[in-house]
Structures are given as C-alpha cells and as structure tokens.
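Scroll down for the structure; my scribbles are underneath it.
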Amino acid sequence: MRGKFWQTMGFSERGKQYLQPEEALYLMECGNVQVFYRDLPLSIQDGYERFLSSDTVTLHQYQVFGHLKRLGYVVNRFDPSSVSSTYERQLNLPASDKQKKQLKRKRSQSPVSSDKHGISTEEKTTSEAHNELAETSKLPADLQEPVHLADAPERTWWMEEDVQQKHPKTQTAAPRWDFSSISFPDLGSRRRSERLASPHRSLLPENVDVGECDVSRWLGRLNMKQEKLSRRDMERQRERDRYRRDVNSDREVRRCRNWAEYSELMEERRRRRRKHRPEHLWEREETPLTQPGQCTSHRELLDQIGIIKSSTFSEGLSRLSPSDQWKISFDVYQPDTVAEFKKSHPGKPYTRMCVCSFAGPVPDLHAVKQLSFQSQDVPVTFAVVDHGDISFYCFKDFKLPTDVY
Amino acid sequence: MDGDPAVMKVPRSSSVEVKEDMDTKSEKQATRDALIDISFCGSTPMLWKVSDMKKCRSEGVIGALVGSLARQPRQNVRLGRPLELRPEEALLLLEKEKSTAAVRLDTQQDCEDEEAHSEAVRLYEAGLESSYQEQCVLALEDKKKTLNRVMNEKENGTEGSGSAVRERLEALDQSFSFPWSAMAVQLCTARSGFSHCPEERSFHSTDCPMPRDEHLNTRFSVYRDLRNKGYYLTSAGKFGGDFLVYPGDPLRFHAHYIALCVSLDEEMPVCDILAIARLGSNVKKTVLLCSPQEGDVVYSSLQWSSMV
C-alpha cells in the first residue's frame, strides 16, 4: 500500500505496517483504502460497526477525529506515558534517545570543574546579585582544589573574616558591613570634591594599598548638565510637582544621617498619628486589618485585607488522582507541519483533545485541573459532540487584576 | 450497490407483525422493503441506505449526516452518509412501525456457514472481473480518442510528426494493456448483498440497545407530540435547549422555537430560566418549556420584553 498518508498515520510492528482502526475507517471514507475481511471488502457501514466500540475508539471520538483530519490536522492517539513530568523537564532529560543532552549552566565566570560545583556556584551567583551576605552553603569536602582558591579574591571583598582565615573548607556566616560607620561619597551632589580619601584598610584586600583617589576623570563622564526643558515640559513638570512633595524638603528628614534614623523618624510619626485613633476600633480584641495611610498601592491593601487565601490553578495538582470519566483522547498537530512531521519524533502537539458530549456533565474544576496536569504544557481542548455537530471549548487561566496603574 | 437485492414484491396487508419469525424469504423481503433499516453503532441508531433516508425524511424525521461526503471527503461543510438518528427519532420510527432495528451480532457473524460465504466471495470476484473488462474497453477507447485529437492538432500544424502518431494509433489495438492495479474499485457505503447480513430482531422497548432513562422518556413524549402536530425537530445543543422546532422542513425555514424538556416535578432555578430566556431573545427564537403530563404535553413559552 503506497500513499502519502503513511507519513502521518499508522505504525510498524514486527515488520508489518499497521493502521489504527480510526485511521483505517477515515481512509476508507476518503476512498483511499479498502479493507478486506475474509476475502471480501468491508463496506463503510461494516467499518463503523466493527471498528468503533468503547474498547477502541467510540463513535464520538471518531467523529472528532474525522472532523479534524478533514481539516488537515495530524491526529494521533494520546499516550499518557509519553508526557514527561515537570521534574524530568527540569533535569532536561532527553525525551528520546536521539536527542542530545543539553545541561544548562547559569554561571560561567569561574572555571567549573564538576556539575556539583556548578550547582553550588549558582547559588552563590544569586546571593551576589542580591548584594547580601547570606549564608553560603557548605561546599562538599572534596572540592578543595585550587579552583576554589581562584574564586577567593572576589569573595574576600565581602567576607572580612576570610581574609585572615583563608580556609576553603568551612565558610561561616560572613559578617555584615556596618553601614552606619561607612560613609559613601555622594558623587552626584553639586558640592563635590575631585579627590576622595582612601578607603579604610579593613575594606581592602590584604597588601593592597590605595592612596587618594582621583575621580575627576570619572566625574567627567557623569552628566551633570542642567537639563534644559522645553516650555511644555516645564509646565508638565510643574503640574506633577504641584502635588508631589519632595521628601528632602522636610527638615526633619534632612536631619537624618542614614536610613536607620529615617525609618525611626517614620515610625515616630506613625506613633504620633496613632494617638488619634478611635478607641472602639483599636483598643478592643479585634482590630482593623490595616491602618489608614499604611498602604501605598491597591495591591498592598488587598494583601492586607484579604482573609481568603487565593489559590492558583497549579496548586495541588500532583495530589489529583486520575479520573475514569475524563480522559484525553488525541494529540493534535497543526496542518502546516505536515511536511516535516516525523512519526518517531512528533514533537510537542498543538493541543490535546478530550471528547465529551452535551448529554454528559460539564467538566468540573477537578477534571480540568487533572487533565491539564496530565497534559503538562500542552493546552487541553474539549470537543463536545452533539449529534454530528462538534464544538470546541477550552479553559484559560485568568487572574483578577489587583493593582490599578 | 446500495439497494436491496431485487425480489418479487408480494403485496401484504398493512399490519406488520414484527417479531422473530420463520417466514419465507420473499415475505421477509417484502416487509423489509417497506421498512426502514436502522443499524446500531454501539448505542447510536444510524441509517445507511439512501432509500431509507428518503423514507425517513418523508416521515418528518430529520436526523444528522455525520460521515464524509464521498465526492468531497476533505471538508466539513457538507457531510455525507451515515445519517445519525437521535434516540427519540429512532423510537418514533419504531413505534410507528415504519422501521426495524437491526444489530450486527458478533457471534452469528463468524460461524456463518462456509457455503454462503464462498458463494459471496465468488460473486464478488466475478463482479470485479466484469468491471475490469468494462474498464479495459473504456480505457482503450479513451486512449484512441486522445491520440486522434493529438494527431488532428499536429496535422494542422507541422507535417512530419503526424505520421509517428498515426503509427502509434494503429499499433494500439495490439499493444494496449490495462493493468489490474489501475482499475477503479467502488467502496460500498451501506452493507451490500455480498457481505453477511446480520440477523434482524425486533426491539421492544425493553430490548432496545439505547439506554432509556427518565430524561429520554420525557424528551420522547415531547418529540412525539410536536411531531404529531406537524413540526420538524432537530438537536439544539448549541442553543442550550433540547430541540429546535421548525414549522416546516429545516432546509426551507428558520427555527421558531427552542424546546427545553423538563418534567413537571423538576425544580428549575430562576437563574436558569433567566439564562435561557436571554439566550432565546438574543437569537430571536421563542423558548418553550415542555413538560409531559398524563399523556399530553404542556407548553409554556418565554418571551423577553422590557417594562415600559
């Protein structure tokens, strides 16, 4: 049997080529294939009555199959074991033997000797990015090579104690800098000097001696020009500034020397405000969830007053048990991929079909969740059959907006 | 090869007793001629023969075509046979005794007697052979015509090439061969006389392979009543109801009503009534709430209007 349909339909087993019953019936209806049973050709009526049953493919499923095939889609039976779980995809395991392994490496700076090291340095990258001196994980004992030492100069900037220790094995929690005692020069202010004093010895690595820094060349790169606004822009600026109060125009704020003092000032002001709070609200057992003026955006406010915890669609998916009633029947691939379609490596389907009818129940949240979990990243479409008429429905995840901009 | 095999039609009186009988073959054929064959695919009743479909339509039962159209199989706008019937439609045809329902029984299939089967195979192969002969002749004529046409065109043009074509034409009778594999074969839609005939059984309401539940009974009463009043009904899943009610053939009219079948003791929440009323007013159809009551059917229509 020759024909173009072998590209997308059928399968081979034990040296022979086979067609699924729904594929055979569809080809019979198109007039491409004749099926013989006991030397006599089967009529289409025979095909319907023999090939379609609840064990193989039901009539509804076949109607959906035929509908999609006639439009040109490639439709295959769904095999639950062919879907890789999220964990597998996280590990980037090859889906088939032919696919090459590609492990992603987020960090590339330091020479990485092994995968384990790669993963642990990943954590370090994120901690550096946040500019915090969080506890770094203990490296496994066997990674004591010079590779580790190559990283050392970078990290000693942040860890004062390590400068003395130089102990590759254990890394204690690095002490935080005392920002209250370090003064950072404000290079952007109008009053600036072109020479900066040398930083404190404790902030520098060993054996590094820095004299006075001449930052004039660097300052030259800063754009300190007064911005010349057009008249319209100036008007716009004035409009905006009418209702905006510059935080620095507050004398009390100017008196604060650092962030800690500023937050203390804010807290003090809040306390003063609270003295005027109504007693019946605040002095009882149950107090309001939020205070006036506490929140600056709708989202913050909603977070504070929301007593019902909102749930996302993907919550609790792994705990769902498969149901008998709702099953995915087919994988559907788009028609324009037919030319490159390979049966052995079909790729990710465009959508997956679940066939039901108007006579049956509407899928409840449990069914929708369970099917989408089973299908992973491919959307699920419900094909509803009503005596020959087919309608397609799909459910989309939606989040209510919580903030107004 | 869709119709029944030609038999002598024996005129019979109209009352048809449909039961498992040991009648002679000709009588069986005669009663079968007047009846519509309903075959079941699982629990879904279907009609396969064109004659059956015509009879069915003349009874006022519409059904829906669900198969590929033979001439244009790769489109969904117009579909072809089989005609799928709703359970209510099949029940009506059975009740009116206009049809007989048949189910292919697996067991009977395989232990069919060998003689009949080999006879069938022989007939099939004979038919194939005669078809092949016909097609050979037709193909040869077709080829001759083409060559003649080419020859005439060439003679009107240049001189030399015409002779080569003429030689080919003359040699054609001897050398022409029509390969067996190039033969056009017809695939039957309905089960023809060549293949095995299923045993026919009458179906009383208890035997029916269609599952009968409360809702089906309600719907059937409504269907029967509206059909007797002369309306044509089709399915209305996309309109949120049970039936679409047409004053005449659906090919000539738009539906006037959306019929929703509820039993009298069923509680219906107000928001459901509101929803269906809104839907009906949007598609410009009147909504009918139908409930069977002691052999008769009670109808309430909903119409949406604003308070002035």
Side-chain angles (χ1 to χ4, degrees), chain A residues 1-2 5 24-73 335 356-360 362 384-393, chain B residues 1-2 39-44 46 48-49 63-77 79-86 89 103-104 106 109-110 112 117-118 120-121 123-125 128 185-192 194-196 198 215-216 234-238 240 242:
Chain A
M1 262 201 296
R2 278 177 287 124
F5 52 82
L25 187 54
Y26 170 71
L27 288 171
M28 274 170 68
E29 282 200 302
C30 286
N32 291 344
V33 143
Q34 238 186 344
V35 179
F36 285 85
Y37 176 67
R38 293 173 75 191
D39 299 324
L40 287 178
L42 290 179
S43 63
I44 298 185
Q45 180 178 0
D46 284 321
Y48 266 78
E49 289 175 7
R50 284 168 188 273
F51 297 170
L52 304 180
S53 74
S54 46
D55 302 324
T56 60
V57 174
T58 63
L59 176 66
H60 285 310
Q61 286 171 336
Y62 174 69
Q63 285 176 346
V64 173
F65 177 87
H67 181 95
L68 292 170
K69 291 289 299 183
R70 270 176 244 135
L71 291 173
Y73 291 93
C356 47
S357 80
F358 275 121
V362 178
V384 187
V385 184
D386 170 41
H387 292 101
D389 253 338
I390 305 179
S391 325
F392 297 95
Y393 295 89
Chain B
M1 301 209 217
D2 286 344
S39 330
F40 282 89
C41 178
S43 61
T44 314
M46 285 182 160
W48 288 92
K49 299 188 191 147
L65 291 169
V66 296
S68 300
L69 189 65
R71 272 182 218 153
Q72 289 168 328
R74 297 195 196 265
Q75 45 83 35
N76 280 316
V77 180
L79 295 176
R81 286 183 284 159
L83 187 83
E84 187 182 314
L85 293 176
R86 296 189 59 132
E89 295 172 329
V103 173
R104 183 185 64 88
D106 272 324
Q109 250 318 337
D110 293 334
E112 197 185 278
H117 178 71
S118 45
V121 175
L123 278 173
Y124 166 69
E125 282 173 359
L128 214 57
V185 183
Q186 186 182 25
L187 191 65
C188 307
T189 311
R191 193 179 293 123
S192 64
F194 279 170
S195 57
H196 0 262
H215 197 48
L216 176 60
T234 54
S235 69
K238 287 198 279 206
D242 285 314

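First the proteins, then the strands, lettered A, B, ... as listed; each starts at 1.
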Checking heavy atoms, do the side chain of Q75(B), its backbone, both or neither come under 4.5 Å from chain A?
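Backbone only.
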Region of L69(B) in contact with chain A, defined by heavy-atom distances below 4.5 Å
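Contact with chain A: none, neither part.
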Angle between ring planes, F392(A) versus H67(A), binned at 30° and 60°: parallel, tilted or perpendicular?
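Answer is tilted, since the angle falls between 30° and 60°.
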Between [X] and chain B, with a heavy-atom cut-off of 4.5 Å, which part of the residue counts as in contact: side chain, backbone, both or neither?
X	value
Y62(A)	neither
F51(A)	neither
S391(A)	side chain

I need the Q63(A) CD to L79(B) CG distance, nearest 0.5 Å.
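With rounding to 0.5 Å, CD (Q63(A)) is 9.0 Å from CG (L79(B)).
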Separation between OG of S43(A) and CZ of R50(A), rounded to the nearest 0.5 Å:
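Rounded to the nearest 0.5 Å, the OG-CZ separation comes to 9.0 Å.
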What residue in I390(A), L71(A), V384(A) has the most heavy-atom pairs under 4.5 Å with chain B?
L71(A)
Heavy-atom distance under 4.5 Å between the side chains of T234(B) and H387(A), does that happen here?
no
Pair Y124(B), D39(A) - check side-chain contact (heavy atoms from CB on, under 4.5 Å), show working.
CA-CA 9 Å; Y124(B) 166 69; D39(A) 299 324; over 6 Å; no
